[in-house]
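This is a predicted model, so every value here is computed, not measured.
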Amino acid sequence: MKNFVLVTTILLMSSSSSGCLGLEGDESPETTNQLQTELLLNHLQMKGTHNSYHIEPVFSPTREYMYTHEPLGIQASQQGVRQFEIDVWWDVREGLRVYHNQYDSGTTCPKFEDCLSDLLDWSQENSDHHTIFIWIEPKDWPEQATDITTTVELSNLLSLIEEEIDQFWPREKMVTPDDVRGQRGSLKEAVSNDGWPSVQSSRGKAIFILLATGQMRDLYVAQHPGLSGALMFTLSEESSEEAAIFSFADPVGDGEEISRLVNEGYIVRSRADSGGDEADNNDKTRLEAALSSGAHSISTDYPAQVEGFDYWVEIPNGTPSRCNPISSPAWCSSLELEDLQ
């Protein structure tokens, strides 16, 4: 009897200690969940579209313009797109217009407010979506050729863009630089030390990013030093206090730099294709490089299958986005990011 008690005690102690030490496999889901931290916005990898409003012109002067996107709400609801790019021009008669250029002016949302309203309608109907990223590229004819921003200053384009975002997108549905900065002295310091807001706390929201560098970006930062009070993030140098989000079009040549920045906690956008070359040749080299680099959003002209092409972009095992292969924790599940099915 004593031997039985002794053996039983040893077995119970062994079972208990091995469970605590994880020697018999993974801990129970309850224990594991207690150890998990929250998923953050930089733990995502999502599909995006380039020139998200674009409609192919009847007579295209170049292969580059020969693609057509569905309306923004359809991209979000049916194609799993979570990153959008909108080109904005100022028109003296009609305000803020959306199109590519004078030779390529087809658009699903002619006015900036139309684009915002289209996405907002979808967002309000699907409030559990993870944060979407809306890249805004201000356009100006002199700036296109010479980087002179005279007409941008005269038209007050950047302020007009900010005003329409504020007017047509509710503040409670935004994640702004101030939200990320918190009590830190700079955005860069906050990203490096505190990280990004959680996926859960940011559901149903949007991040706006000014897609501009050089003088155009500097004008915006001058209006919002340190991006204090700004509604948009910027593409700023890593050494600047505004550093938070980056864009690299070539994930093949810049793959190591993308991965480094992702590891540092920054958010990075890249592109899977450009000019139709990848679609014409069903070449997924750039796509695979972007996916493996850890780029958070991967922009494409082909977010869904198109008749006559074998090429289009999907996020592998995405629902529609997936856990970032570089930055997300091992326990991350895409269904925890978003599952609107």
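Between Val81 and Ser52, the closest side-chain pair of non-hydrogen atoms is not below 4.5 Å. A heavy-atom distance below 4.5 Å is not found between the side chains of Val268 and Ile245. Here the side chains of Glu85 and Leu211 are in contact, with some heavy-atom distance below 4.5 Å. By the 4.5 Å heavy-atom criterion applied to side chains, Arg269 and Gln83 are counted as neighbours. Counting heavy atoms from C-beta on, the side chains of Phe208 and Phe133 never come closer than 4.5 Å. At a threshold of 4.5 Å between non-hydrogen side-chain atoms, the residues His224 and Glu162 count as touching. Residues Val199 and Thr131 fail the side-chain proximity criterion, which asks for heavy atoms closer than 4.5 Å. Annotation: side chain of Glu257 is not in contact with side chain of Phe246 (no heavy-atom distance under 4.5 Å).
The backbone N or O of Leu337 sits nowhere less than 3.5 Å from a side-chain atom of His130 that would complete a donor-acceptor pair. Looking only at distances, no side-chain donor or acceptor of Ser321 sits under 3.5 Å from a matching main-chain atom of Leu44. Under a 3.5 Å cut-off, the side chain of Arg203 and the backbone N or O of Asp128 do form a donor-acceptor pair. Listed for the Ser327 side chain is a donor-acceptor partner under 3.5 Å among the backbone atoms of Asn42. Remark: the backbone N or O of Lys284 is not paired with any side-chain donor or acceptor of Glu288 at under 3.5 angstrom. Using a distance-only test at 3.5 Å, with no hydrogens or angles considered, a donor-acceptor pair links the side chain of Asn263 to the main chain of Ser259. Checked by atom type and distance alone, the side chain of Lys205 never pairs as donor or acceptor with a backbone atom of His129 at under 3.5 Å. Side-chain N or O atoms of Arg63 include one that pairs as donor or acceptor with a backbone N or O of Met66 at under 3.5 Å. Looking only at distances, no side-chain donor or acceptor of Ser198 sits under 3.5 Å from a matching main-chain atom of Leu39. Of the possible donor and acceptor atoms, none in the side chain of Lys111 sits under 3.5 Å from a partner among the backbone N and O of Val98.
Under the 6.0 Å cut-off for aromatic ring centres, Phe309 and Tyr302 qualify, their centroids lying closer than that. Annotation: His54 is in aromatic contact with Tyr67 [ring centroid separation under 6.0 Å].
Note that CD of Glu70 and CD1 of Ile55 are 9.5 Å apart. Values are rounded to the nearest 0.5 Å. Atom CD1 of Ile165 and atom CG of Leu96 lie 9.5 Å apart (nearest 0.5 Å). Taking CZ of Arg82 as the reference point, atom CE of Met46 lies at 9.5 Å (rounded to 0.5 Å). With rounding to the nearest 0.5 Å, the separation of CZ in Arg271 from CG in Asp301 is 6.0 Å. Within the model, atoms CE of Met232 and CD1 of Ile209 stand 10.0 Å from one another, a figure rounded to the nearest 0.5 Å. The distance from the CZ atom of Arg97 to the OG atom of Ser105 is 9.0 Å, given to the nearest 0.5 Å.
Nearest approach of Asp118 to Pro71, heavy atoms of both residues: OD2-CB, 3.8 Å. Across all non-hydrogen atoms, the minimal contact from Ala212 to Leu235 is O-CB, 3.9 Å. Nearest heavy-atom pair across Gln45 and Ala295 is NE2-O, 2.9 Å. Across every non-hydrogen atom of Leu158 and Leu210, the tightest pair is CD2-CD1, 4.0 Å. Between Arg181 and Ser228, the shortest heavy-atom contact is NH2-N, 3.5 Å. When every heavy atom of Tyr266 is checked against every heavy atom of Ser192, the shortest pair comes out as OH-OG, 4.1 Å.
Inspection of the Ser123 and Lys173 side chains reveals an N or O donor paired with an N or O acceptor under 3.5 Å. Using modelled atom types and a 3.5 Å distance limit, the side chains of His43 and Asn324 yield no donor-acceptor pair. For Ser117 and Asp114, the side-chain atoms include no donor-acceptor pair closer than 3.5 Å. No side-chain N or O of Glu241 forms a donor-acceptor pair with one of Ser186 less than 3.5 Å apart. For the residue pair Thr300 and Asp273, a side-chain donor N or O sits within less than 3.5 Å of a side-chain acceptor on the partner. Side chain to side chain, Asp277 and Tyr311 fail the donor-acceptor criterion of an N or O pair below 3.5 Å.
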(request) Go through the steps for Tyr99 and Asp104 under the test side chain to side chain contact (heavy atoms under 4.5 Å, CB included), then give the verdict. (result) CA-CA 7 Å; Tyr99 58 96; Asp104 186 26; over 6 Å; no
(request) For side chain to side chain contact (heavy atoms under 4.5 Å, CB included), just list the numbers for Thr213 and Thr234, CA-CA rounded to whole Å, side-chain angles, deciding distance to a tenth of an Å, and then say yes or no. (result) CA-CA 8 Å; Thr213 57; Thr234 56; over 6 Å; no
(request) Verify side-chain hydrogen bond (donor to acceptor under 3.5 Å, both in side chains) between Asp178 and Thr176, making sure each step is shown before the conclusion. (result) CA-CA 5 Å; Asp178 286 342; Thr176 69; 5.0 Å; no
(message) Run the side chain to side chain contact (heavy atoms under 4.5 Å, CB included) test on Phe84 and Gln75 for me, step by step, so that the C-alpha distance in whole Å, both residues' side-chain angles and the decisive distance to 0.1 Å come before the verdict.
(response) CA-CA 9 Å; Phe84 304 87; Gln75 292 181 45; 4.0 Å; yes
(message) Applying side chain to side chain contact (heavy atoms under 4.5 Å, CB included) to Ile298 and Leu291, what does each step give before you reach the verdict?
(response) CA-CA 8 Å; Ile298 301 172; Leu291 289 166; 3.5 Å; yes
(message) The test is ring-ring contact (aromatic ring centres under 6.0 Å, His included); show your working for Tyr65 and His100 and say whether it passes.
(response) CA-CA 9 Å; Tyr65 301 162; His100 189 211; 5.3 Å; yes
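Phe168 and Ile132 end up in the same hydrophobic cluster when Ile, Leu, Val, Met, Phe, Trp and Tyr side chains are linked at under 4.5 Å. Hydrophobic clustering (side-chain heavy atoms under 4.5 Å, transitive across Ile, Leu, Val, Met, Phe, Trp, Tyr) keeps Ile315 apart from Ile326. The hydrophobic cluster containing Leu116 also contains Leu160, counting ILVMFWY residues as joined when their side-chain heavy atoms lie under 4.5 angstrom apart, directly or transitively. Cluster annotation: Ile74 and Tyr53 are assigned to distinct hydrophobic clusters (Ile/Leu/Val/Met/Phe/Trp/Tyr, side-chain heavy-atom contacts under 4.5 Å, transitive). Transitive grouping of hydrophobic side chains (ILVMFWY, heavy atoms separated by less than 4.5 Å) keeps Val58 and Val306 in distinct clusters.
Checking each of Tyr220, Trp196, Trp135 against Phe233 for a ring pair (Phe, Tyr, Trp, His ring centres under 6.0 Å) leaves exactly one that passes, namely Trp196.
Comment: Lys139 engages Glu137 in a salt bridge, judged by a side-chain N to carboxylate O separation of less than 4.0 angstrom. Contact check on Arg260 versus Glu238 returns a salt bridge, with a Lys/Arg side-chain nitrogen under 4.0 Å from an Asp/Glu carboxylate oxygen. A salt bridge links Arg286 with Glu278: the distance from a Lys NZ or Arg NE/NH1/NH2 to an Asp or Glu carboxylate oxygen falls below 4.0 Å. Ion pairing between Glu237 and Lys188 fails under the 4.0 Å rule for side-chain N and carboxylate O.
The number of heavy atoms from other shown groups lying within 6.0 Å of CD (Glu172) is above 12. At most 12 non-hydrogen atoms from other residues, nucleotides or ligands lie less than 6.0 angstrom from CG of Asn317.
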